[in-house]
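To start, I am sharing the structure in question, which I have written as structure tokens.
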Amino acid sequence: MSDPSQDTFSQRVYHIVAAIPYGRLTTYGEVARLAGAPRAARQVGGLLSHLPEGSKLPWHRVVNRHGAISLSGEDFYRQLSVLQGEGLLLQDSGRFDLARYRWRPEDGG
DNA sequence: GCTTTGACTGCGG
DNA sequence: ACCGCAGCCAAAG
């Protein structure tokens, strides 16, 4: 109740990302919205980029509003590999079909 | 407590 | 549809 460690923006983001099911995607903006700060999409990416090394959070299931991977270099291919491993198909446009893979909280949470 | 930093987003051209 | 720019705001220094 009075413990702020459970009420911070970052804690909410971690909780939300942890709820994204295998084989599904969501966007930075959507996570921000669910966390109660619809304009803090950048912050979501910032938090995911600073995750501790042993984190179990499925950070790879968060992409940008176009359904594209926002990382670059080796990180890009790492995220791509994990998503493909979960059965997600990358379109020729270099994006994932959000209409098909987008996770919605009511869909299972 | 002010300044800098971004794994973003929306809008206009 | 693609590209560039300005706004956004929680965290870290």
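In the text below, chain A, chain B and the rest are named by the order of the sequence lines, each starting its count at 1.
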N-O pairing of A:Arg102 and A:Glu30 below 4.0 Å: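 The answer is yes: the pair qualifies as a salt bridge.
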Atom CZ of A:Arg33: over 12 foreign heavy atoms under 6.0 Å: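 No, CZ of A:Arg33 has 12 or fewer neighbouring heavy atoms, counting only those of other groups under 6.0 Å.
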Side chain of A:Ala40, heavy atoms from C-beta onward: which of C:dA11, B:dT9, C:dC9 has the nearest atom to it?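 When the side chain of A:Ala40 is considered, C:dC9 is the closest of C:dA11, B:dT9, C:dC9.
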For the pair made of CZ in A:Arg42 and C1' in B:dT4, what is the distance, rounded to whole Å?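 To the nearest whole Å, that distance equals 12 Å.
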Options C:dA11, B:dC8, C:dC2, nucleotide nearest the side-chain atoms of A:Arg95: C:dC2
Using a 4.0 Å heavy-atom cut-off across all strands, classify A:Arg61 as base, sugar-phosphate, or nothing.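 Touches nothing.
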Give the cluster check for A:Phe96 versus A:Phe76: same hydrophobic cluster or not, with ILVMFWY residues linked at side-chain heavy-atom distances below 4.5 Å. yes
How would you label the contact of A:Ser10 with the nucleic acid (heavy atoms, under 4.0 Å): base, sugar-phosphate, or nothing? sugar-phosphate
Tell me: CG of A:Leu51 to P of B:dG6, nearest whole Å? 16 Å
Side chain of A:Ser55, backbone of A:Leu51: donor and acceptor closer than 3.5 Å?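 Checking the backbone N and O of A:Leu51 against the side chain of A:Ser55, no donor-acceptor pair under 3.5 Å is found.
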In this structure, how many angstroms lie between the P atom of B:dT5 and the CG atom of A:Leu48, rounded?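 Value for this atom pair: 21 Å.
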Identify whether A:Val82 and A:Val62 are in the same connected component of the hydrophobic contact network (ILVMFWY, side-chain heavy atoms under 4.5 Å). no
Considering residues, nucleotides and ligands other than A:His66, do more than 12 of their heavy atoms fall under 6.0 Å from its NE2?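 Correct, the count exceeds 12.
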A:Gln11 CD to C:dA10 C1': how many Å, rounded?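 After rounding, the reported distance stands at 13 Å.
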Following the transitive rule for hydrophobic clusters with a side-chain heavy-atom cut-off under 4.5 Å over Ile, Leu, Val, Met, Phe, Trp and Tyr, establish whether A:Tyr22 and A:Ile69 coincide in one cluster.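 In one cluster with A:Tyr22: A:Ile69, no.
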Round to a whole Å and report the spacing from CG of A:Asp7 to C1' of C:dA10. 15 Å
Please work out which residues in residues 28-36 of chain A have a non-hydrogen atom less than 4.0 Å from an atom of DNA chain B and list them by number.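 The answer is A:Tyr28, A:Gly29.
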Rounding to a whole Å, what distance do you find between A:His50:NE2 and C:dA11:P?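 Between P of C:dA11 and NE2 of A:His50: 12 Å.
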5' precedence on DNA chain C between A:Ala37 and A:Ser93 (nearest-nucleotide basis):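 In this pair, the answer is A:Ser93.
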Rounded to the Å, how far apart are A:Leu47 CG and C:dC8 P?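 Going from CG in A:Leu47 over to P in C:dC8 covers 20 Å.
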Would you indicate, yes or no, if B:dG6 has its OP1 or OP2 atom less than 4.0 angstrom from a side-chain nitrogen or oxygen of A:Ser49? no
Decide yes or no, distance alone: a donor-acceptor N/O pair under 3.5 angstrom between the base of B:dG10 and the side-chain of A:Arg65. yes
Contact nearer the 5' end of DNA chain B, comparing A:Gln43 with A:Thr27: A:Gln43
Ignoring hydrogens and angles, does a donor from either the side chain of A:Arg39 or the base of B:dG10 sit under 3.5 Å from an acceptor on the other?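 No, no donor-acceptor pair under 3.5 Å.
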